Amino acid sequence: MTEALNPAHPPEPKPVSRRLVRLMRRPELGAITGTIIVFLAFGITAGNSGLFSMAGIANFLQVSAQLGILAAAVALLMIGGEFDLSLGSMIGFASVTIGLCVTQFGLSIPAAVAIAFVIAIIVGALNGILVVRTRLPSFIVTLAGLFILRGLTLAITRTVTGRTQIPYITDGQEGGFVVWLFGGKFGGPVFAWLAAHGVIAARPDGSPMVQGLSMSILWWVAVTAFATWLLIKTRFGNWVFAVGGDDRAARNVGVPVDRVKILLFIGTALSATLFAVIQVLEAGSADTLRGTQKEFQAIIAAVIGGCLLTGGYGSAIGAMFGALIFGTVEMGIFYTGIDTDWFQVFLGSMLLIAVLVNNYVRRKATEAR
């Protein structure tokens, strides 16, 4: 005899169904799936192009890492329900700050880097305070910051140096610890051993073609791990989700909404400065246009990684995979010889698809509760 169904007490979902629902609720699911698809696609179309050689892997990991540093902080801010469009201009401002401090005022690189980070804290705090005090949308406040910071970067640099670029920043200090920490490479002995045993390509003198991986990759992993720990394991992480979900309800239960938002804006400014320090110390120069449009790329990486534009949902690990997709496609298009103009088409398409998929998965997971 078949057991009658009681609408008031629906049957408990099977364990497999519960696991599937929990999996669908993970914000990074779409980004992991997208990463697999991108790697399979380029594995088929660019298998012999060098993209998956050690040099190619090092290249797309470096591109992904620099964007991933920004995307982790942007993901936290988006989960908290806000945007920071001044991110790219903060990169340019921090770059010329370091360059001017070293080349014009004779400061050491560690001192210049410290000053850049202090300025980042001030700029981030100002953005946050303006947003929480004026109640203006963060889109408007940071859009103003975008133009103010970029204008200051251009005006100050041209006034002091007469140019828009600042070269020779690391001259004479190439072997310093801070230069290596942000702009150096790691894993050199491992690559030398692999080249000596014929595992990877070597030069005629026996040295490896790839001398090591960029330190930005370690910073990427460290920043993502810290952001994930912050979100999952701390009370501050709960506050971030609560603020992004409903800031009025969060305020009513005692969450310090204003303080959380200000700290998140400081976090994005610090990540932009870390990006700038890495680029300046890798290249040994600064440019007033550095960081242009990085704010949009970081938002795209976070959205591909599962962050909702409405806040309250997302993950730093998803943003990491979003940045990996971005870097792989950018370098994959270069290695396969496809016209790089198509990269912008890809970015726009990925953003649209990611938003549609995230909304669909989120709705289905919510209905399945």
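Predicted model, so just to flag it, every value in this text is computed and none were measured.
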d(Q104 CD, I156 CD1) to nearest 0.5 Å is 12.5 Å
Mark yes or no for whether T224, through its side chain, and V221, through its backbone, hold a donor-acceptor pair below 3.5 Å. no
Query raised in the report: Heavy atoms, side chains only, cut-off 4.5 Å: are V257 and K261 in contact?
Result: yes
Using the rule that two of Ile, Leu, Val, Met, Phe, Trp, Tyr join whenever any of their side-chain heavy atoms come within less than 4.5 Å, decide whether L126 and L264 are in one cluster.
no
Main-chain N/O of L289 paired with T292 side-chain donor or acceptor, under 3.5 Å: yes
>> With a 4.5 Å cut-off on side-chain heavy-atom distances among I, L, V, M, F, W and Y, is there a chain of contacts connecting L181 to F186?
In response: yes
Show, in sequence, the C-alpha distance, side-chain angles and deciding distance for M331 and L51, and conclude whether the side-chain contact (heavy atoms from CB on, under 4.5 Å) test is met. CA-CA 7 Å; M331 296 310 300; L51 176 63; 4.2 Å; yes
Is there a continuous path of hydrophobic side-chain contacts, each under 4.5 Å between heavy atoms, that joins V123 to I121?
yes
For A276 and A94, the nearest pair of non-hydrogen atoms, with its separation, is CB-CB, 3.7 Å
With T157 as partner, the option from T97, L152, D287, T288 fulfilling side chain to side chain contact (heavy atoms under 4.5 Å, CB included) is T288
message: Can a donor-acceptor pair be found, under 3.5 Å and without considering hydrogens, that links the side chain of D247 to the backbone of V243?
response: no
Do L263 and F236 have side chains that approach each other closer than 4.5 Å (heavy atoms only, starting at C-beta)?
yes
Which of L230, V260, T228 passes side chain to side chain contact (heavy atoms under 4.5 Å, CB included) with L76? It is L230
For this session: Side-chain contact test, heavy atoms from C-beta onward, threshold under 4.5 Å: evaluate it for I317 versus I32 and give yes or no.
Result: no
Got a donor-acceptor contact below 3.5 angstrom from the T170 side chain to the Q173 backbone? no
Check: Where does the angle between the aromatic ring planes of F52 and F39 fall among parallel (under 30°), tilted (30 to 60°) and perpendicular (over 60°)?
Finding: tilted
Q | Heavy atoms of other groups near R259 CZ, more than 12 under 6.0 Å | A | no
Taken to the nearest 0.5 Å, the spacing of L130 CG from F265 CZ works out to 9.5 Å
Does V118 belong to the same Ile/Leu/Val/Met/Phe/Trp/Tyr cluster as V178, with side-chain heavy atoms less than 4.5 Å apart forming each link?
no
Minimal heavy-atom distance between I304 and G322, with the atoms involved, is CG2-CA, 4.0 Å
query: Any chance CZ of F139 has more than 12 other-residue heavy atoms, nucleotides or ligands included, within less than 6.0 Å?
result: no
Any side-chain heavy atom of I91 within less than 4.5 Å of one from L70? yes
Between A301 and A323, the two heavy atoms sitting closest are CB-N, 3.9 Å
Requested in this report: Verify side-chain contact (heavy atoms from CB on, under 4.5 Å) between L85 and F296, making sure each step is shown before the conclusion.
Outcome: CA-CA 8 Å; L85 297 184; F296 299 113; 4.2 Å; yes
Begin from the C-alpha positions of D258 and R133 and carry the test salt bridge (Lys or Arg N to Asp or Glu O under 4.0 Å) through to its verdict. CA-CA 8 Å; D258 293 353; R133 292 287 170 83; 5.5 Å; no
Report task. Answer yes or no: is there a side-chain heavy-atom contact under 4.5 Å between M209 and I200? Result -> no
To the nearest 0.5 Å, atom CG of N238 lies from atom CG of L231 at 9.5 Å
Nearest heavy-atom approach of V179 to L281 is CA-CD1, 3.9 Å
| query | Any luck finding a side-chain donor-acceptor pair between N127 and S86 under 3.5 Å? | reply | yes
**Prompt:** Below 4.5 Å, heavy atoms only, C-beta onward: do N59 and F334 meet side chain to side chain?
**Reply:** no
Q | Steps toward side-chain contact (heavy atoms from CB on, under 4.5 Å) verdict (I166, V96) | A | CA-CA 7 Å; I166 307 173; V96 300; 4.1 Å; yes
**Prompt:** Between E330 and Q297, is any side-chain donor less than 3.5 angstrom from a side-chain acceptor?
**Reply:** no
query = Near F105 CZ, under 6.0 Å, is it more than 12 heavy atoms from other residues, nucleotides or ligands?
reply = yes
- Task: Taking T45 for its side chain and A41 for its backbone only, find out whether a donor-acceptor pair lies under 3.5 Å.
- Result: yes
Has T234 got a side-chain atom pairing as donor or acceptor with G237's backbone, closer than 3.5 angstrom?
yes
Got a donor-acceptor contact below 3.5 angstrom from the W180 side chain to the K185 backbone? yes
Does S138 use its side chain to pair, donor to acceptor, with the backbone of F83 at less than 3.5 Å?
yes
- Message: I'd like to know if the side chain of W239 reaches the main chain of G80, judged simply by a donor and an acceptor atom lying under 3.5 Å from each other, with no hydrogens or angles considered.
- Response: no
Rounded to the nearest 0.5 angstrom, the CD1-SG distance for I115 and C101 is 4.0 Å
* Going by distance alone, is a donor N or O of one side chain under 3.5 Å from an acceptor N or O of the other, for E282 and S214? -> yes
ask   = In terms of the angle between their ring planes, are F117 and F182 parallel, tilted or perpendicular, with boundaries placed at 30° and 60°?
value = tilted
| For L146 and E295, what are the C-alpha separation, side-chain angles and deciding distance, and is it a side-chain contact (heavy atoms from CB on, under 4.5 Å)? | CA-CA 9 Å; L146 179 155; E295 60 276 355; 3.6 Å; yes
When every non-hydrogen atom of S271 is compared with those of L87, the smallest separation belongs to OG-CD1, 4.1 Å
Check: R150 side chain, G88 main-chain N or O, donor-acceptor pair, under 3.5 Å
yes
In short, A31 meets G318 closest at the heavy-atom pair CB-O, 3.8 Å
Are I44 and F60 connected into the same hydrophobic cluster when the rule is that any two of I, L, V, M, F, W, Y join if their side-chain heavy atoms are below 4.5 Å apart?
no
Taking the side chain as C-beta and beyond, is there a heavy-atom pair between V74 and D84 under 4.5 Å?
no
Is M90 close to F275 at the side-chain level, that is, under 4.5 Å between some pair of heavy atoms? no
The reported gap from CG in L67 to CD1 in I325 (rounded to nearest 0.5 angstrom) is 11.5 Å
For atom CZ of R135, is the number of surrounding heavy atoms from other residues, nucleotides or ligands below 6.0 Å larger than 12? yes
Rounded to the nearest 0.5 Å, the OG1 atom of T268 sits from the CD atom of E82 at a distance of 10.5 Å
